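What follows is one structure encoded as structure tokens, with my remarks underneath.
Owing to the predicted nature of the structure, the values given are computational and were not obtained by experimental measurement. Just so it is clear, the values below take in all heavy atoms, side chains as well, and ignore hydrogens, waters and symmetry mates. The chains referred to below are lettered A, B, ... by the order of the sequence lines, with proteins before strands, and numbering in each begins at 1.
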Amino acid sequence: MSRLQPARGTADLLPDSMAKHRLVIDAARTASARYGFQEMATPIFEFSEVFSRPLGEGSDIVTKENYSFADRGGEILTLRPENTAGVVRAMISGGLTQSLPLKYFYAGPMFRYERPQKGRMRQFHQVGIEYLGPDDSLADAEIIACGARFLASLGVLDDCELHLNSLGDGDSRAAYREALIEYLETFADQLSDDSKTRLAVNPLRILDSKDAGDRAILQDAPRLQDYLNDVSKAHFADLTAALNGAGVAWVFDPLLVRGLDYYCHTAFEFVTTSLGAQGTVLGGGRYDGLAEMLGGPKVAGVGWAAGVERLAMLVEAASVNNPKVAILTADDGARQAAFRLAEQLRDAGIDIDLPTSGAMGKKLKKADKAGVRTAVIMGTDELAKNTVQLRNLGDGSQQELPLDPDNCSGLAAAIAESLLAP
RNA sequence: GCGGGUGUAGCUCAGUUGGUUAGAGCGCCAGUUUGUGGCACUGGAGGUCGCCGGUUCAAAACCGGUCACUCGCCCCA
């Protein structure tokens, strides 16, 4: 509208939307704590290699979709586009590979230079967990169950479907990749233009192409699950047995793939149809090769991340935390006494709003709209008698109570009682 | 990066084949109510019609560009 607008792909989080964000983040924190994940945070920017090494220096993602810049010291830095690489980097640089396994929860802003769309911002927020150390499939099961519990606590799990696939270990995937390329090359001229380039750059991604012609060709393509070796099959079977035993519903999705080499075995996404094209609400998988690619020792890992904005769109409005008690002055003679009483009541643990402008009627109206339930009304008349008026904004009843300038405990008790009433 | 749609008051929107003072509802402010909210009524403030340029006697409307939002593609660590 005017020149003063937020930068493209960013948005202010005003109290109403902030409340929904907090609801989502708090639910994730609570659910992950139940599984023993501990909250941590990594810096919002890192040396660019942290993100570029696992992806390949020249990849489109690195060159076109990151916010990278040189600082005044000439270091090349990147605003984090995701948090897994940062967590793994923290594990390596902190020497934490001595203390495996590690279970971490994080929440915070991420940055990707992409064209904004519904559920796709340039600054967005994620919550996530990373389970570092175990290669046991029960670790995969635990994080998936944790994700399901998180979504359930938000009341959105019923709107989502859990898609699950196995990418197999490195050997399995290499064999499949070869077979897929061989098959697709015989159709190379019939593939969509996008898929022609994918064939050279990232052939597995052709599997989730939306092009109808591509999909027809894929009907008879070799299937990833036929190329899994015994180790890979056992890992997947054990995971699905655990999910079934715990009652976590899932669907097999052979087209759910990850393009990068450090992924292996489990890939999963919770997907909703109610958000249009950006329907993945929580996604993750196993990344046993990532730590090594970052220059550390080989450490297995599995985790997920969820988009806070997307989940916030699915959540009903959350309540904004306003004080339920306001002190309203009837005239300027009560200003200082009101300020003093407000501080005393805050010391007593009561949230107090102290509006400073407007006539009595105005203050009451605003307090009512803001959700205030009890108003403490002070004026020079009351001060002269050392009293205040305690007004219940629900039913309009009002009583005059004594005010001890040095001890508000009696008044605090009366206020607390008034808030208990329905 | 590619294609479609949309930009009018704080918000949601109307605005006739281009025609002179651009409207409504909600919200906001004030009054009816001289220290007391919700309801009602009355009045009021608030807009260079996203921005720049063009066509025309005349542009919110038509044309071009640009910015933003939006939907899809791409990408999705």
Side-chain angles (χ1 to χ4, degrees), chain A residues 1-11 14 16 46 50-56 59-66 78 80-88 110-121 124 126 128 192-195 197-198 201-202 205 208-211 256-263 267 269 275-280 283-285 287 290 293-294 303-305 307 310 326 328-334 355 357-373 375-383 389-398:
Chain A
M1 201 173 260
S2 80
R3 310 164 202 69
L4 271 185
Q5 51 188 249
R8 186 169 199 200
T10 68
L14 298 177
D16 282 343
E46 301 261 1
V50 171
F51 305 113
S52 60
R53 281 176 73 167
L55 296 162
S59 67
D60 277 10
I61 291 181
V62 168
T63 57
K64 295 181 181 170
E65 298 188 14
N66 277 345
T78 295
R80 62 184 186 193
E82 54 93 29
N83 215 339
T84 303
V87 168
V88 173
M110 311 292 161
F111 305 84
R112 299 182 185 181
Y113 188 85
E114 296 186 285
R115 180 136 181 191
Q117 246 175 262
K118 182 177 191 175
R120 195 170 83 175
M121 304 286 282
F124 61 103
Q126 286 188 328
S192 66
D193 289 347
D194 283 328
S195 286
T197 56
R198 288 186 187 113
V201 177
N202 200 347
R205 276 287 170 194
D208 57 12
S209 170
K210 289 171 184 169
D211 182 83
L256 175 59
V257 290
R258 297 275 129 90
L260 298 166
D261 286 338
Y262 59 76
Y263 282 113
E269 293 183 351
L275 288 181
Q278 316 295 324
T280 297
Y287 49 86
L290 179 57
M293 288 193 81
L294 282 173
W304 52 251
R310 290 185 194 177
L328 308 182
T329 51
D331 51 68
D332 285 352
S357 66
M360 194 72 237
K362 194 70 205 168
K363 287 175 180 162
L364 268 170
K365 190 173 179 179
K366 290 210 164 173
D368 185 43
K369 286 200 170 183
V372 169
R373 298 181 53 195
V376 178
I377 297 173
M378 303 175 76
T380 32
D381 294 354
E382 283 81 7
L383 278 183
Q389 304 286 346
L390 198 65
R391 183 174 182 85
N392 179 328
L393 295 197
D395 59 18
S397 63
Q398 185 164 312

Students often get this wrong, so: under 4.0 angstrom with heavy atoms, is [X] touching a base, only sugar-phosphate, or nothing?
X: A:Glu382; answer: base
X: A:Ile61; answer: base
X: A:Tyr262; answer: sugar-phosphate
X: A:Tyr263; answer: sugar-phosphate
X: A:Gly9; answer: sugar-phosphate
X: A:Gly259; answer: nothing
X: A:Asp60; answer: nothing
X: A:Pro54; answer: nothing

* Please round to the nearest 0.5 Å and tell me the distance separating atom CD of A:Gln389 and atom CD of A:Glu382. => 4.5 Å

* How many angstroms lie between atom CZ of A:Arg391 and atom CG of A:Leu328, to the nearest 0.5 angstrom? -> 10.0 Å

Would you say [N] has OP1 or OP2 under 4.0 Å from some side-chain N or O of [X]?
X: A:Lys366; N: B:rC29; answer: yes
X: A:Arg8; N: B:rU66; answer: no
X: A:Lys210; N: B:rC73; answer: yes
X: A:Arg115; N: B:rC74; answer: no
X: A:Lys369; N: B:rC28; answer: yes
X: A:Lys362; N: B:rC29; answer: yes

* Asked: Just checking, any donor-acceptor pair under 3.5 angstrom between side chains of A:Ser357 and A:Lys362?
  -> no

* Polar contact flag, side-chain donor to acceptor under 3.5 angstrom, A:Ser397-A:Asp395 -> yes

Is there, by distance only and without an angle test, a donor paired with an acceptor across the side chain of [X] and the base of [N] below 3.5 Å?
X: A:Arg391; N: B:rG37; answer: yes
X: A:Arg198; N: B:rC75; answer: no
X: A:Gln117; N: B:rU70; answer: no

* Does B:rC2 have a Watson-Crick or wobble mate here (both distances under 3.5 Å), and if so which one? -> B:rG72

